[in-house]
Amino acid sequence: MKIDLADQINEILLDSIKKIIRQDNFQIKDIPKMILLIPKNKSHGDLSTNIAMQLSRELKSKPLDIAHLIVSNLDIQDTIVDKVKIAGPGFINFWLNENWLYKILDEIREQGENYGKVNLGKGKRVQVEFVSVNPTGPLHVGHGKCAAVGDALSGILKAAGYEVEKEYYINDQGKQIDILGQSVQVRYNNFLEEKREFPADGYKGEYIFDIAKEIIDKFQDKYKGRDDKETQEFFKVFTLKKILSGIKKDLKDFGVEFDVWFSEKSLYEQNKLQEVIELLQQRGFLYEEKGALWLKSTVFGDEKDRVVIRENNIPTYFASDIVYHQNKYQRGFDKVIDIWGADHHGYINRMKAAAQALGYSEDFLDVLIVQFVTLIKDGKEVGMSTRGGEFITLRDLMREVGKDVARYFFLMRSYDSHTEFDLDVAKSQSMENPVYYIQYAYARICSIIKKAEQEGIKIDKNKKVNLHLLDKEEEIELIKKLSSLKEVVRKSALTWKPHLLTTYLYDLASSFHKYYTVHRVITEDKELTKARLILIDCTRMVLFNTFKILGISAPESM
RNA sequence: GCGCCUGUGGCUCAAUAGGAUAGAGCAACGGACUUCUAAUCCGUAGGUUGGGGGUUCGAUUCCCUCCAGGCGCGCCA
């Protein structure tokens with residue numbers, strides 16, 4: 001494996017700094033992390049570092065002086081670096097030998113679908129748990145955002161060398177499931193002209209009626225007027241199954257496949273609660289007060305202690321979650337990421353406190369909060385309460401704008417900004433949609449390659465093509481974009497920001513469209529044509545790889 | 001009252017772990033199809049980064065404070 005060019009520059013910089021420290025007897029604790037960045041402005045070189053400014057504080061000396069010292073000790077013999085210059089307040093800018101650009105193309109061709117992968121995770125096991133919506137109704141638009149973010153983040157972490165497991169936690173027991181069953185049961189009886197009172201906090205959605213109708217179709221009046229244990233259980237189980245299979249189908253059609261569907265009920269069946277209570281008791285983090293059992297979550301920074309077992313002996317929702325996270329830990333993950341909606345952010349502290357009370361390190365569990373989606377339809381906001389029954393489902397959204405548009409829209413901005421999703425705009429502007437813009441770049445490339453094939457132009461993998469012919473400004477620009485994929489993957493895996501990749505996609509597509517407008521790929525010049533075909537094929541590959549990480553499809557024609 | 005998130009051109013958002021002249025798209029205006037897909041490209045205009053302080057070589061980014069919006073503060077889930 002070749003040395004990364006950033007690594008190479010890091011190395012010679014480090015050598016130089018070490019030399020200075022020795023020569024001039026500087027005292028220094030640690031050398032700050034070297035940050036090499038690609039300057040926005042071309043006149044600042046191909047790569048740049050601010051290390052001199054970073055060191056200035058520690059060395060108590062002017063950034064410019066340090067920069068000069070570093071540069072004069074820099075050994076650029078036999079490296080990719082052509083020229084070094086100091087600029088501004090103390091930036092050290094590097095100009096690279098142009099060969100490096102063409103080496104990028106070789107690398108892409110060599111690695112194919114693997115280009116863009118980095119080994120940040122080194123095989124560490126990460127669990128990403130997301131969506132995990134109570135199975136009391138269909139998924140709505142807000143859940144779609146969580147699904148898109150969770151799935152994309154998982155893809156990013158995989159590309160960054162982590163071993164990722166995606167999980168959906170099903171709250172398939174408890175009070176809300178009882179109410180759900182009752183809601184359907186009442187509707188069922190009402191359809192059969194049996195008077196029943198609808199539960200005060202019952203689920204009012206249209207889908208409840210549909211399920212009731214379905215039960216009539218299948219079982220006629222078998223359960224009419226009955227209210228024994230068996231009947232209640234029947235409505236609960238039937239409804240739960242129905243809704244859950246709907247959720248699974250929605251997610252699958254949205255392109256999200258989970259590795260594990262984890263049932264809350266199964267934890268109780270295995271009597272895991274008792275185990276966890278005993279463990280917490282042993283560790284001294286439980287106490288009784290007012291007939292209830294409390295967790296001392298304040299010890300770990302929670303605002304107040306929390307009830308685990310109620311006065312009436314029924315465990316709280318929180319208790320289940322503690323048991324569930326205990327289970328996650330026992331499955332041996334190095335890291336657990338929970339993705340929650342913004343309405344649950346007040347829950348983070350107690351959950352992290354619980355994890356620590358169980359004895360896990362503070363950074364074992366991290367919770368990522370996805371801010372709400374405000375959906376605009378016909379110019380006004382649409383409410384999204386499951387219980388109230390008024391919402392736009394993820395299914396509706398997919399029907400209206402398609403899977404790719406929906407996913408991209410959720411991912412194109414940072415998940416922690418509350419985004420407005422104007423349905424009318426997403427539909428009516430679909431021709432100017434960023435998704436189409438990007439996919440169009442891909443389709444264009446495919447179409448050129450197809451045409452070249454028809455004209456009998458073939459790229460022989462073994463035959464040398466003179467890539468130095470790719471010397472136009474737009475070509476250099478495009479290759480540089482291609483080269484930065486790995487950096488983007490690394491960064492987004494480190495910061496858990498999928499939108500860095502959507503931004504990158506747009507950027508890359510833009511570079512390609514510009515190139516396309518100015519230069520023709522297929523020309524009379526055979527050698528040039530071949531070189532350009534390689535360039536666009538590499539672009540195609542990079543687009544493809546990024547699409548794959550984000551779960552967006554790559555159409556060969558549009 | 002306390003906590004979390006947000007505030008950037010008219011609108012929707014970026015800004016790479018604090019970096020160089022704050023960038024895109026939409027909307028506006030003016031251009032480019034005899035071409036491998038015009039679902040594209042080029043140009044013009046548009047900014048006191050909510051206000052005020054601070055930290056330093058440098059702040060959209062970090063700290064304090066105020067203002068505005070969203071969301072939470074249960075022996076609900």
Side-chain angles (χ1 to χ4, degrees), chain A residues 32-33 35 37-41 43-44 48-50 52-54 56-57 62-64 87-91 93 134 136 171 174-177 179 201 289-294 303-304 306-312 314-318 320-321 341-349 369-372 374 387 412-414 416-422 425 429-437 439-441 443-445 447-452 455 484 487-488 490-492 494-495 497 499-500 502-504 506-507 509-510 512-523 532 536 557-558:
Chain A
K33 247 185 211 157
I35 297 162
L37 42 91
I38 300 166
K40 282 178 232 163
N41 192 327
S43 65
H44 295 142
S48 174
T49 180
N50 61 356
M53 282 108 95
Q54 300 266 347
S56 134
R57 216 156 299 171
K62 283 182 192 157
L64 271 175
F91 288 99
N93 298 334
N134 289 349
T136 55
N171 297 109
K175 204 166 111 188
Q176 88 278 5
I177 298 299
I179 295 170
D201 43 5
E289 197 179 288
K290 296 184 218 156
L293 197 60
W294 298 69
E303 306 91 81
K304 52 198 274 194
R306 309 289 175 174
V307 171
V308 178
I309 310 279
R310 299 186 188 101
E311 195 179 358
N312 62 10
I314 296 172
T316 58
Y317 182 84
F318 183 42
S320 286
D321 261 351
D343 52 339
H344 289 87
H345 78 259
Y347 207 74
I348 299 175
N349 282 344
I369 293 299
V370 174
Q371 292 298 328
F372 280 143
T374 316
R387 218 163 267 207
M412 69 196 235
R413 19 214 69 149
S414 164
D416 61 2
S417 73
H418 351 230
T419 51
E420 231 170 58
F421 197 125
D422 192 322
V425 171
Q429 291 191 341
S430 63
M431 285 303 145
E432 289 150 354
N433 204 298
V435 188
Y436 296 127
Y437 179 88
Q439 289 181 325
Y440 185 48
R444 266 184 160 173
I445 294 171
S447 148
I448 298 170
I449 291 173
K450 216 170 286 164
K451 185 175 180 195
E455 290 182 12
S484 61
E487 223 20 65
V488 177
R490 188 175 287 131
K491 180 83 202 273
S492 66
L494 228 43
T495 56
K497 287 180 178 169
H499 81 271
L500 296 182
T502 45
T503 308
Y504 173 74
Y506 193 89
D507 243 33
S510 169
F512 171 74
H513 283 312
K514 279 173 196 168
Y515 173 56
Y516 176 94
T517 311
V518 186
H519 303 289
R520 279 188 72 80
V521 173
I522 301 170
T523 61
R532 288 184 170 174
I536 66 164
S557 66
M558 286 174 76

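Please read all numbers here as calculations on a predicted model, not as lab measurements. Letters A, B, ... mirror the listed sequences (proteins, then strands); counts begin at 1.
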Is it true that a side-chain atom of [X] and a backbone atom of [Y] form a donor plus acceptor pair closer than 3.5 Å?
X        : Y        : result
A:Glu455 : A:Ile522 : no
A:His345 : A:Ala342 : yes
A:His44  : A:Ala87  : no
A:Thr316 : A:Val308 : yes
A:Thr517 : A:His513 : yes

Just checking [X]: base, sugar-phosphate only, or nothing, at a heavy-atom cut-off of under 4.0 Å?
X        : result
A:Ser414 : sugar-phosphate
A:Asn41  : base
A:Ala87  : base
A:Asn93  : base
A:Ile369 : nothing
A:Ala443 : base
A:Ile449 : nothing
A:Ala292 : base
A:Tyr347 : base
A:His499 : sugar-phosphate
A:Lys304 : sugar-phosphate
A:Phe372 : sugar-phosphate

Examine [N]: is either OP1 or OP2 under 4.0 Å from a nitrogen or oxygen in the side chain of [X]? Give yes or no.
X        : N     : value
A:Arg310 : B:A77 : yes
A:Lys514 : B:U40 : no
A:Tyr516 : B:C42 : no

Could you work out which one of [options] sits closest to the side chain of [X]?
X        : options             : value
A:Arg444 : B:A39, B:A38, B:C41 : B:A38
A:His344 : B:A15, B:A77, B:G25 : B:A77
A:Arg520 : B:A15, B:U35, B:C71 : B:U35
A:Asn50  : B:G19, B:A20, B:C36 : B:G19
A:His513 : B:U40, B:C13, B:C75 : B:U40
A:Pro89  : B:A14, B:G69, B:G19 : B:G19
A:Ser56  : B:C75, B:A77, B:C57 : B:C57
A:Thr316 : B:C57, B:C75, B:C36 : B:C75
A:Met558 : B:C57, B:A39, B:C5  : B:A39
A:Asn134 : B:G25, B:A77, B:C36 : B:A77

TODO: Answer whether the closest heavy-atom distance between the side chains of A:Tyr515 and A:Ile536 falls below 4.5 Å.
DONE: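 Yes. Closest side-chain heavy atoms under 4.5 Å.
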Open item on the list: Can you confirm whether A:Tyr506 sits close enough to A:Met412 that some side-chain heavy atom of one is under 4.5 Å from a side-chain heavy atom of the other?
Closed with: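 No, their side chains stay 4.5 Å or more apart.
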Would you measure the distance from the [atom1] atom in [N] across to the matching atom in [M] and give it in whole Å?
N     : M     : atom1 : answer
B:A15 : B:U34 : C1'   : 42 Å
B:G7  : B:C13 : C1'   : 12 Å
B:U49 : B:G72 : P     : 33 Å
B:G31 : B:G19 : C1'   : 37 Å
B:G69 : B:G51 : C1'   : 16 Å
B:A27 : B:U40 : P     : 11 Å
B:C64 : B:C2  : P     : 14 Å
B:C62 : B:A32 : P     : 46 Å

Atom-pair distance ([atom1] on [X]; [atom2] on [N]), nearest Å:
X        : N     : atom1 : atom2 : value
A:Tyr436 : B:C41 : OH    : C1'   : 21 Å
A:Ile38  : B:G19 : CD1   : C1'   : 15 Å
A:Asn433 : B:A38 : CG    : P     : 19 Å
A:Lys290 : B:C75 : NZ    : P     : 8 Å
A:Lys62  : B:U56 : NZ    : P     : 17 Å
A:Tyr506 : B:A15 : OH    : C1'   : 16 Å
A:Ile177 : B:A77 : CD1   : P     : 12 Å
A:His418 : B:U8  : NE2   : P     : 11 Å

Task: Face-to-face stacking of A:His44 with B:A20, centres under 5.5 angstrom, angle under 30° - done: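 Whether judged by distance or by angle, A:His44 passes, so it stacks on the base of B:A20.
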Open item on the list: Using a 5.5 Å cut-off between ring centres and planes within 30 degrees, is A:Phe91 stacked on the base of B:A20?
Closed with: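 A:Phe91 ring centre within cut-off of B:A20 base, planes near parallel; stacks.
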Open item on the list: Please convert RNA chain B into dot-bracket. A pair counts if it is Watson-Crick or G-U wobble with both distances under 3.5 Å; crossing pairs go in [ ] and bases paired with another strand get |.
Closed with: (((((((..((((.....[...)))).(((((.......))))).....(((((..]....))))))))))))....
In Å and rounded to the nearest 0.5 Å, what is the [atom1] to [atom2] distance from [X] to [Y]?
X        : Y        : atom1 : atom2 : answer
A:Asp321 : A:Arg306 : CG    : CZ    : 13.0 Å
A:Leu37  : A:Asn50  : CG    : CG    : 6.5 Å
A:Asp416 : A:Lys497 : CG    : NZ    : 7.5 Å
A:Phe421 : A:Arg413 : CZ    : CZ    : 9.5 Å

Open item on the list: Please compare A:Arg413 and A:Ser557 by the position of their nearest nucleotide in RNA chain B and report the one closer to 5'.
Closed with: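 With A:Arg413 and A:Ser557 compared, the 5'-side residue is A:Arg413.
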Open item on the list: With nearest nucleotide decided by heavy atoms, which residue, A:Ile314 or A:Pro63, maps closer to the 5′ end of RNA chain B?
Closed with: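 Final value for this comparison: A:Pro63.
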Task: Quiz item: cation-pi between A:Arg444 and A:Tyr516, 6.0 Å / 45° - done: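 Geometry flag: set, cation within 6.0 Å and 45°.
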- [ ] Taking syn as within 90° of 0 and anti otherwise, name the glycosidic form of B:C73.
- [x]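 B:C73: anti glycosidic orientation.
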TODO: Mark yes or no for a side-chain to base donor-acceptor pair under 3.5 Å between A:Thr503 and B:A24, with no hydrogen or angle criteria applied.
DONE: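 No, the side chain and the base share no sub-3.5 Å donor-acceptor pair.
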Task: Distance-only donor-acceptor test (3.5 Å): side chain A:His345, base B:G3 - done: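 It does, because a donor-acceptor pair links the side chain of A:His345 to the base of B:G3 below 3.5 Å.
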